[in-house]
Amino acid sequence: MTDATALPGQPRGGVLSGPATARAVNVLAPNPSAMTLDGTNTWILSEPDSDLAVVVDPGPLDDGHLRHVIGTAEQAGKRVALTLLTHGHPDHAEGAARFAELTGTKVRALDPALRLGDEGLAAGDVVTVDGLELRVVPAPGHTADSLCFHLPADRAVLTGDTVLGRGTTVVAHPDGRLGDYLDTLRRLRSLTVDDGVHTVLPGHGPVLDDAQGAVEYYLAHRAHRLAQVETAVEDGYRTPPEVVAHVYADVDRSLWPAAELSVRAQLEYLKEHGLI
C-alpha cells in the first residue's frame, strides 16, 4: 500500500465526510462514479462560535443528501445562511435551487443563470457571514465559470473541480480552455507561496494537506500531457480520438470521452501557440 504522504498533495486517509478544518465540514453526496470519485463534497463552512453557516456546492438533486446537509449543520447548532457554487456542473449545482428552497437562502455563483437573488460572485469579492471570510478566486479552465474560495483563517482553499483530492481533472472543452487552466493553477500556486495556503478542500476526493505539492503536480502533469499530445501529432495522430487512444492508452477506456475533452483543449492550445 502506498503511503498517502508520498502521494501528490498528501491526501488524508479515512472517512471523507466530517470535519476537515476548524471551519469546514464535508458532507459526501451519494453520487460516486468514475468522474465524481467517491461523490461530490458538499462543504459546510462556519466560524466555530457562530450559529450561521455557508454551504458550498449542495451537489446533485437528491433530497436525502440536501436534507442531510441541513441536518448536519443543525446538529452543530448552525443555520444555513448562504449557498455558493464553484461552477455549474450538475454534480455540484443541480440541487442548488431545491437547497435554496429548503433553507430560504440565496445562491451566489459566477454564472448569472445559476444565481438565486441579486448578488453574484466575481474575482476579488470577499464573502462574509458572521465572521467567516471567504475570498473569491477566479479559476477558469475546467469550465469558464469555475471559482475557488480562499478560506484564510484555515489557510485553506476550496477548489471545486479545479484540483481534485485524487487524480487530475478534465479541461472541459470547449467551455474549458487550457491556457486559462494553466493561469488558474499558477494563481493557486501563488496562494500557497504568498498567502500560506496549505490545505486543499476539493470538490471530489480526500482533503489534501500539501496544497503547493498538489498544484505543482498538476502543473507538471499538464506540461507532460501537452508534450505527449504534441509528439502524437508529430507522429501522425491527427484526430482527437486518435490522440486519446495513443496518449491515454494506459487509462481506463471508460474515461476516454472525458480525456477527449482535455485533448481537444490541448490541441487548441498548441494551435494557438503555433506549436502544431
Side-chain angles (χ1 to χ4, degrees), residues 16-17 20 24-45 53-74 79-122 127 134 136-149 158-167 169-176 181 184 201-206 254-255 257-258 260-262:
L16 296 179
S17 284
V25 174
N26 181 32
V27 180
L28 182 65
N31 61 334
S33 72
M35 290 298 294
T36 61
L37 303 181
D38 310 275
T40 300
N41 294 334
T42 295
W43 291 101
I44 302 172
L45 309 175
V54 174
V55 166
V56 177
D57 290 351
L61 184 54
D62 180 311
D63 233 51
H65 170 64
L66 302 178
R67 292 181 183 277
H68 182 40
V69 173
I70 296 168
T72 300
E74 289 177 344
R79 175 178 62 84
V80 178
L82 180 64
T83 303
L84 305 178
L85 297 177
T86 60
H87 65 298
H89 279 168
D91 57 312
H92 294 258
E94 186 182 38
R98 174 60 175 157
F99 189 72
E101 179 183 348
L102 291 171
T103 58
T105 61
K106 297 179 179 179
V107 177
R108 295 181 64 180
L110 179 61
D111 184 350
L114 299 171
R115 301 172 187 167
L116 290 175
D118 298 330
E119 287 187 286
L121 291 170
V127 178
L134 290 170
V136 179
V137 181
H142 170 68
T143 61
D145 72 328
S146 287
L147 297 171
C148 294
F149 298 106
L158 289 86
T159 55
D161 281 355
T162 297
V163 175
L164 305 179
R166 185 170 66 249
T169 197
V170 172
V171 179
H173 183 272
D175 184 44
Y181 187 63
T184 289
L201 306 177
H204 303 279
S254 68
L255 297 175
E260 185 174 324
L261 297 179
S262 286

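Computation of the quantities below employed the complete heavy-atom set of this structure, encompassing side-chain atoms and omitting hydrogens, waters and symmetry-equivalent molecules. Residue numbers start at 1 and run along the sequence shown.
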Could you label the plane-to-plane angle of the His87 and His92 rings as parallel, tilted or perpendicular, counting under 30° as parallel and over 60° as perpendicular?
-> tilted

Between His65 and Thr42, is any side-chain donor less than 3.5 angstrom from a side-chain acceptor?
-> yes

Quick one: pull up [atom1] in [X] and [atom2] in [Y] and give me the separation to the nearest 0.5 Å.
X: Thr86; Y: Leu158; atom1: OG1; atom2: CG; answer: 8.5 Å
X: Asp91; Y: Asp161; atom1: CG; atom2: CG; answer: 6.0 Å
X: Leu102; Y: Asp63; atom1: CG; atom2: CG; answer: 6.0 Å
X: Asp175; Y: His173; atom1: CG; atom2: NE2; answer: 10.0 Å

Would you check if the side chain of Ser262 reaches a backbone N or O of Val171 as a donor-acceptor pair within less than 3.5 Å?
-> yes

Taking every non-hydrogen atom, the tightest pair across [X] and [Y]:
X: Gly120; Y: Arg115; result: CA-NE, 3.2 Å
X: Thr184; Y: Pro138; result: OG1-O, 4.2 Å
X: Leu16; Y: Pro206; result: CD2-CA, 3.5 Å
X: Ser254; Y: Pro257; result: O-CD, 3.5 Å
X: Ser146; Y: Thr143; result: OG-OG1, 2.6 Å
X: Gly39; Y: His204; result: O-ND1, 3.0 Å

Hey, mind stepping through Leu85 and Asp57 against side-chain contact (heavy atoms from CB on, under 4.5 Å) and telling me if it holds?
-> CA-CA 5 Å; Leu85 297 177; Asp57 290 351; 4.0 Å; yes

Under the salt bridge (charged side-chain N to carboxylate O under 4.0 Å, His left out) rule, collect the residues that match up with [X], sequence neighbours excluded.
X: Glu260; value: Arg264
X: Glu101; value: Arg98
X: Asp38; value: Arg166

For Phe99 and Val80, run side-chain contact (heavy atoms from CB on, under 4.5 Å): C-alpha distance rounded to whole Å, both residues' side-chain angles, the deciding distance at 0.1 Å, then the answer.
-> CA-CA 10 Å; Phe99 189 72; Val80 178; 3.9 Å; yes

side-chain contact (heavy atoms from CB on, under 4.5 Å) assessment of Leu114 paired with Val107 = CA-CA 7 Å; Leu114 299 171; Val107 177; 5.6 Å; no

Answer whether the closest heavy-atom distance between the side chains of Leu28 and Asn41 falls below 4.5 Å.
-> yes

Quick one: do Thr169 and Thr162 satisfy side-chain contact (heavy atoms from CB on, under 4.5 Å)? Show the steps, please.
-> CA-CA 7 Å; Thr169 197; Thr162 297; 5.9 Å; no

What residues form a side-chain contact (heavy atoms from CB on, under 4.5 Å) with Ala24, not counting sequence neighbours?
-> Thr21, Trp43, Leu45, Leu201

Who passes side-chain contact (heavy atoms from CB on, under 4.5 Å) against Leu110, sequence neighbours left out?
-> Asp145, Leu147

What residues, two or more places apart in sequence or in another chain, satisfy side chain to side chain donor-acceptor pair (under 3.5 Å) together with Thr40?
-> Asn31

